[in-house]
Amino acid sequence: MARRLDVTGADGIRLAAWDFTTGDRTGGAPEDRTPPGPAAPAGPAPARTPVIGRQSTGPADGTAPEGSAPPGDRPAPVLLLHGLMGHAAHWASAARLLTGGHRLVGLDQRGHGASEKPPGGPFTREAYVADAAAVVEGLGLGPVTLVGHSMGALTAWQLAAERPDLVRALVISDMRASALGAASQRAWREWFRDWPAPFPSLAAVHRWFGADDPWVEEPNPARGAFFAEVMTERPDGWHPVFDPEQMLTSRETWVHDAHWDSLAQVRCPTLVIRGLDGELGRAEAQEMVRVLPRGQYAEIPDAGHLLHYTHPEAWSEAVTPFLEGVLTG
């Protein structure tokens, strides 16, 4: 459940944020409106205990970063940033499991979910980062802990590098710092072209993305459910709520460039977390931790790229101690 918060992004764009803290977090009816899309998948794959490596490369004197304690009794704010093609509701199950009295806000980034999708964009890195900064300031969340997945993780660490005054801590979920290259972008364009959209039913969406998609190596019901959440019904069938061309444009702005320089500029405590079968390899993840001035590392066995969605319990078990440490360290 979540309460909708209408906010304004960087160039006046209308964005939808969702406060997961409001009301009963155990699964009751929403106080206002929930993010669009079907419910989260039932019965995600059970997860083993996450492996957490406290590879801190920061100072050992126990000194907390400036602004590390929330003012007064205000719940510690956390901003959740989804990945490409996602929406804020993909965080719902994991958010319900986080403990520690945090204020949890998920953002539908521009072009995604219930947020505005301007035909002319822009969908640049600068636009996504500026939107996140505007939301932090507009909702009075700063200094905030940023939790990002994939593209959202890149947005999070770029904001932390550019505006350290706004960011207390950072969680990077399964996002690479190295460039993916032109071949990756061509493959994505072909993949979008192969979608049998419009889909005749949500069952067809589940079936395609969970089993029939050539990119699926073995049946993956959770992947089908993930994509079913970002579909909307029109007279001719089910379509994605996003524009695939806008997604390609958004992706174009990061796949050709590496982002090690901005990562090295992040001064706040940072947790790099990956699924053992995700897109971020262990060697690169551990190099990211080394580059980060105050980096830590965690991995979740059995999880893939959608680790917070398919394994919310294990993901939350890994992230909660980090968040608590940020507040008490």
Closest non-hydrogen contact found for A222 with T310 is CB-CG2, 3.5 Å

Q. Salt bridge (Lys or Arg N to Asp or Glu O under 4.0 Å) between E313 and R96: does it pass, once the steps are laid out?
A. CA-CA 10 Å; E313 294 89 355; R96 281 195 294 269; over 6 Å; no

Side-chain donor or acceptor of [X] paired with backbone N/O of [Y] under 3.5 Å:
X    : Y    : answer
T270 : G295 : no
R168 : P143 : yes
H112 : M85  : yes
D174 : S150 : no
D213 : W208 : no
S115 : G111 : no
Q265 : E162 : no
R223 : F209 : yes
Q246 : P118 : yes

### Query
Within a reach of under 6.0 Å around CZ of R189, are more than 12 heavy atoms found that belong to other residues, nucleotides or ligands?
no

*asked:* Check this for me, if you would: do R176 and E284 make a salt bridge, where the nitrogen-to-carboxylate-oxygen distance has to be below 4.0 angstrom?
replied: yes

| said: Salt bridge check, R14 against D6: does any charged N sit closer than 4.0 Å to a carboxylate O? | reply: no

*Using a distance-only test with no angle check, is there a side-chain donor-acceptor pair under 3.5 angstrom linking R110 and S250?*
no

Output for pair (F242 CZ, L84 CG), nearest 0.5 Å, gives 7.5 Å

Tell me, with the steps shown, if D236 and R234 meet salt bridge (Lys or Arg N to Asp or Glu O under 4.0 Å).
CA-CA 5 Å; D236 61 341; R234 300 178 189 169; 5.9 Å; no

message = Apply salt bridge (Lys or Arg N to Asp or Glu O under 4.0 Å) to residues E190 and R193 and explain how you reach the verdict.
response = CA-CA 5 Å; E190 293 172 1; R193 191 180 302 127; 5.1 Å; no

Can you tell if the side chain of D243 reaches within under 4.5 Å of the side chain of F123, non-hydrogen atoms only?
-> no

In H308, H87, H90, H82, the residue satisfying ring-ring contact (aromatic ring centres under 6.0 Å, His included) with H149 is H308

side-chain contact (heavy atoms from CB on, under 4.5 Å) test vs I172 passes for just one of V147, L271, L263, namely L263

